[in-house]
Amino acid sequence: MEGPGLGRGVPASPREGLVKNVSLESLQLCERDGKAEDSGVVEMELPVPVNIRISNITCDSFKICWDMDPRTKEKITHYFIDLNKKENKNSNKFKHKDVPTKLVAKAVPLPMTVRGHWFLSPRTEYTVAVQTASKQSDGDYAVSEWSDIIEFCTADYSTVHLTQLLQKAEVIAGRMLPFTVFYRNQNQEYFDYCRNEQGGRMLPSVKDNSGSHGSPLSGKLEGIFFSCNTEFNTGQPPQDSPYGRYRFQIPAEELFGPDTRLYFGDFYCMYTAYHYVILVLAPRGSPGDIYCSDRLPELDVTDNRFLTRVCGHDGRVEFRHAQDVILELIYTEPVELARGSVAQISGHQLMSLSTINAKKDPSCKTCNISVGR
């Protein structure tokens with residue numbers, strides 16, 4: 001039997017006030033091979049959980065509830081929960097598989113919260129099944145049959161988790177350097193296509209899967225990637241790029257004006273010493289602004305550690321960027337080529353530095369938080 005979609009939109013239990021957290025102290029891992037004589041299981045008629053419901057899903061927790069025969073509830077002392085990552089049909093069958101997680105929880109009033117970043121990752125599909133159990137005087141367990149298996153998917157990082165990433169990024173951002181232009185490198189064919197097929201405009205596209213696995217931007221936010229980092233010795237954009245030999249440059253004021261909102265999006269690295277910070281520039285009231293306002297921490301454009309726009313006493317506007325992180329900027333609206341200029345750069349196309357669909361290093365202590373990658 002299939003479960004309720006991805007576990008979203010399930011009505012909360014009327015016993016919401018009786019929720020208990022299943023934490024590290026009350027959950028234990030166990031192994032099960034299905035053989036009663038080998039696993040200390042004895043025969044007893046116990047209710048099989050039915051109509052399993054998953055709700056209140058976050059990136060590292062969920063609530064679970066089910067129905068069962070009330071006449072035998074008093075016999076139940078524990079619940080066995082079989083939680084597994086859903087198999088990917090396209091995965092390498094020779095690759096080591098994730099070890100299934102069997103959880104033992106004391107029988108608390110339902111629904112209960114299962115929480116733990118040590119076995120739950122954000123934006124990941126799981127399967128779950130449940131047994132009821134009764135611990136016997138000799139230490140063995142009597143168990144019911146396993147319930148039907150249902151599927152659900154964990155959520156993206158919340159603003160709480162993104163704020164934790166933001167705070168870690170601030171630690172290494174370094175001092176602020178002045179800059180005057182945003183730039184975007186591509187091949188010549190890309191700019192020809194923009195001129196001939198898109199009315200002379202660069203159009204937003206859906207962000208790829210680079211960065212943190214739990215990012216609410218990947219596969220959802222539409223935008224155009226820009227850079228603004230400069231070389232320390234020249235104050236100008238670098239002449240090398242991973243993305244192409246042609247560069248579109250636009251004055252910073254064109255994209256980062258007084259009606260532009262700034263959001264923190266992500267902090268990651270790719271098994272190298274370089275760290276990347278993703279920021280979103282969204283015109284106030286635009287679809288991108290509306291999407292980000294509910295999901296990302298907003299930054300003060302005049303006072304943050306990554307990208308600032310400050311108007312001086314003489315009326316001139318000065319733009320600054322962080323020196324020690326590589327900024328990836330997503331502008332959420334179309335940009336006309338006529339607002340800037342396109343020219344060939346003199347450096348090399350360093351493909352090894354590309355971050356397209358780059359996976360975050362899950363072992364880096366600098367840019368990871370305790371809720372998965």
- Answer with yes or no whether the hydrophobic clustering places Leu262 together with Val317; edges join I, L, V, M, F, W, Y residues whose side-chain heavy atoms lie under 4.5 Å apart. yes
Can a salt bridge be assigned to the pair Glu318 and Arg316 using a cut-off of 4.0 Å between side-chain N and carboxylate O?
no
> Is the closest side-chain donor-acceptor distance between Ser341 and Gln249 under 3.5 Å?
Replying inline: no
**Any donor-acceptor N/O pair, Lys75 side chain to Ala133 backbone, under 3.5 Å** = no
Expected output: side-chain Thr163 to main-chain Thr159 donor-acceptor under 3.5 Å: yes
I want to check something: taking the side chain as every heavy atom from C-beta on, are Thr58 and Ser158 in contact at a cut-off of under 4.5 Å? no
Give a yes or no on whether the backbone of Leu327 and the side-chain of Asn229 come within a donor-acceptor separation of less than 3.5 Å. yes
Nearest heavy-atom contact between Phe80 and Val143 is CE1-CG1, 3.6 Å
Margin query: So that I can tick it off, tell me whether Glu254 and Arg339 are bridged by a salt bridge, with the cut-off set at under 4.0 angstrom between side-chain N and carboxylate O.
Written below: yes
Carefully, step by step, assess Leu103 and Val114 under the rule side-chain contact (heavy atoms from CB on, under 4.5 Å). CA-CA 9 Å; Leu103 308 174; Val114 179; 3.9 Å; yes
Would you say the side-chain atoms of Arg184 pair up with the backbone N or O of Phe225, donor to acceptor, closer than 3.5 Å? yes
Please check: side-chain N/O of Arg305 versus main-chain N/O of Ala173, any donor-acceptor pairing under 3.5 Å?
no
dist Asp192:CG -> Asn187:CG (nearest 0.5 Å) comes out at 9.0 Å
Legend entry - Ring centre gap for Tyr246 and Tyr190 strictly below 6.0 Å: no
In short, Ile81 meets Met112 closest at the heavy-atom pair CD1-CE, 3.3 Å
When rounded to the nearest 0.5 Å, the distance separating CD of Glu333 from CE of Met202 is 13.0 Å
inquiry  = Quick one, Ser134 with Thr77, criterion side chain to side chain donor-acceptor pair (under 3.5 Å). Give me CA distance, side-chain angles, the key distance, then yes/no.
reply    = CA-CA 5 Å; Ser134 177; Thr77 62; 4.6 Å; no
| Between Leu279 and Met176, is there a shared hydrophobic cluster once you connect ILVMFWY residues whose side-chain heavy atoms come closer than 4.5 Å? | no
Rounded to the nearest 0.5 angstrom, the CG-CG distance for Leu120 and Leu83 is 5.5 Å
According to the interplanar angle, ranging from 0 to 90°, do the rings of Phe319 and Phe179 count as parallel (below 30°), tilted (30 to 60°) or perpendicular (above 60°)? tilted
Problem set entry | Exam field: side chain Asp361 to backbone Cys269, donor-acceptor pair closer than 3.5 Å | no
> Side-chain contact, heavy-atom cut-off 4.5 Å: Leu296 with Pro216?
Replying inline: yes
Check your understanding: Do Val277 and Asp266 come within less than 4.5 Å of each other through their side chains, counting heavy atoms only?
Key -> no
Checklist line | Geometric class of the Tyr331/Phe226 ring pair [parallel <30°, tilted 30-60°, perpendicular >60°] | finding: perpendicular
Worksheet item: Are the side chain of Ser215 and the backbone of Leu217 linked by a donor-acceptor contact shorter than 3.5 Å?
Response: yes
Are the side chains of Arg245 and Asn185 in touch, meaning some heavy atoms are under 4.5 Å apart? no
query = Do Pro49 and Asp67 come close enough that some side-chain heavy atom pair is under 4.5 Å?
reply = no
ask   = Counting N and O atoms only, with roles assigned by atom type, does the side chain of Thr124 sit under 3.5 Å from a partner on the main chain of Pro122, one being a donor and the other an acceptor?
value = yes
Side chains of Pro111 and Ile64, heavy atoms from C-beta outward: is any pair under 4.5 Å? no
>> Please tell me whether Tyr274 and Val325 are part of a single hydrophobic cluster in this structure, the criterion being side-chain heavy atoms less than 4.5 Å apart.
In response: yes
TODO: Determine yes or no for a side-chain-to-main-chain donor-acceptor pair under 3.5 angstrom, with Gln131 supplying the side chain and Ser144 the backbone.
DONE: yes
Is Arg261 paired with Asp289 through a side-chain N to carboxylate O contact shorter than 4.0 Å?
yes
Exactly one candidate in Leu166, Thr366, Ile369 meets side chain to side chain contact (heavy atoms under 4.5 Å, CB included) with Phe267; the answer is Thr366
Value for CG (Asp259) from CZ (Arg284), rounded to nearest 0.5 Å, stands at 6.5 Å
Worksheet item: Quick check, are the ring centers of His78 and Tyr141 under 6.0 angstrom apart?
Response: yes
- Task: Verify side-chain contact (heavy atoms from CB on, under 4.5 Å) between Tyr291 and Tyr263, making sure each step is shown before the conclusion.
- Result: CA-CA 11 Å; Tyr291 178 86; Tyr263 296 94; over 6 Å; no
Note: Ser61 and Thr113 closest approach over all heavy atoms is CB-CG2, 4.3 Å
Val280 reachable from Val301 in the ILVMFWY side-chain graph, under 4.5 Å edges
yes
- Message: Would Ser241 and Ile345 count as a side-chain contact (heavy atoms from CB on, under 4.5 Å) here? Give the steps.
- Response: CA-CA 9 Å; Ser241 170; Ile345 59 175; 4.1 Å; yes
For residues Phe152 and Val128, determine if any side-chain heavy atom of one lies less than 4.5 Å from a side-chain heavy atom of the other. yes
For Tyr183, does the six-membered ring have the charged nitrogen or CZ of Arg247 within the cation-pi criterion, i.e. under 6.0 angstrom from the centroid and within 45° of the normal? yes
Looking only at heavy atoms, the pair that brings Gln323 and Phe232 closest together is NE2-CD1, 3.8 Å
In short, Val181 meets Pro237 closest at the heavy-atom pair CG2-CG, 4.0 Å
With distance as the sole test, does Arg123 use its side chain to make a donor-acceptor pair with the main-chain N or O of Ser218 at under 3.5 Å?
yes
What one should report as the nearest heavy-atom pair of Met68 and Val48 is CB-O, 4.3 Å
Check: Can you hop from Leu337 to Val335 via hydrophobic side chains spaced under 4.5 Å?
Finding: yes
How about Leu281 and Phe182: do any of their side-chain heavy atoms sit closer than 4.5 Å?
yes
- Message: Please determine whether a side-chain nitrogen of the Lys or Arg among Arg175 and Asp324 lies less than 4.0 Å from a carboxylate oxygen of the Asp or Glu.
- Response: no
Inset, instruction - Applying salt bridge (Lys or Arg N to Asp or Glu O under 4.0 Å), run through Lys86 and Glu151 and close with a yes or a no. - result: CA-CA 8 Å; Lys86 186 178 178 182; Glu151 301 174 3; 3.0 Å; yes
Can you tell me if CD on Glu336 sees more than 12 non-hydrogen neighbours from other groups inside 6.0 Å?
-> yes
Report, as yes or no, whether the 6.0 Å neighbourhood of atom CZ on Arg309 holds more than 12 heavy atoms from other residues, nucleotides or ligands. yes
* **Electrostatic pair Asp156:Arg295 at N-O distance under 4.0 angstrom** => no
Let's go through Ile150 and Thr127 carefully: what are the C-alpha distance in whole Å and the side-chain angles of both, what is the deciding distance for side-chain contact (heavy atoms from CB on, under 4.5 Å) to 0.1 Å, and is it a yes or a no? CA-CA 6 Å; Ile150 69 163; Thr127 62; over 6 Å; no
One should read off an interatomic distance between Leu177 CG and Thr230 OG1, to the nearest 0.5 angstrom, of 5.0 Å
Distance col, row Ser370:OG vs Asn368:CG, nearest 0.5 angstrom, shows 10.0 Å
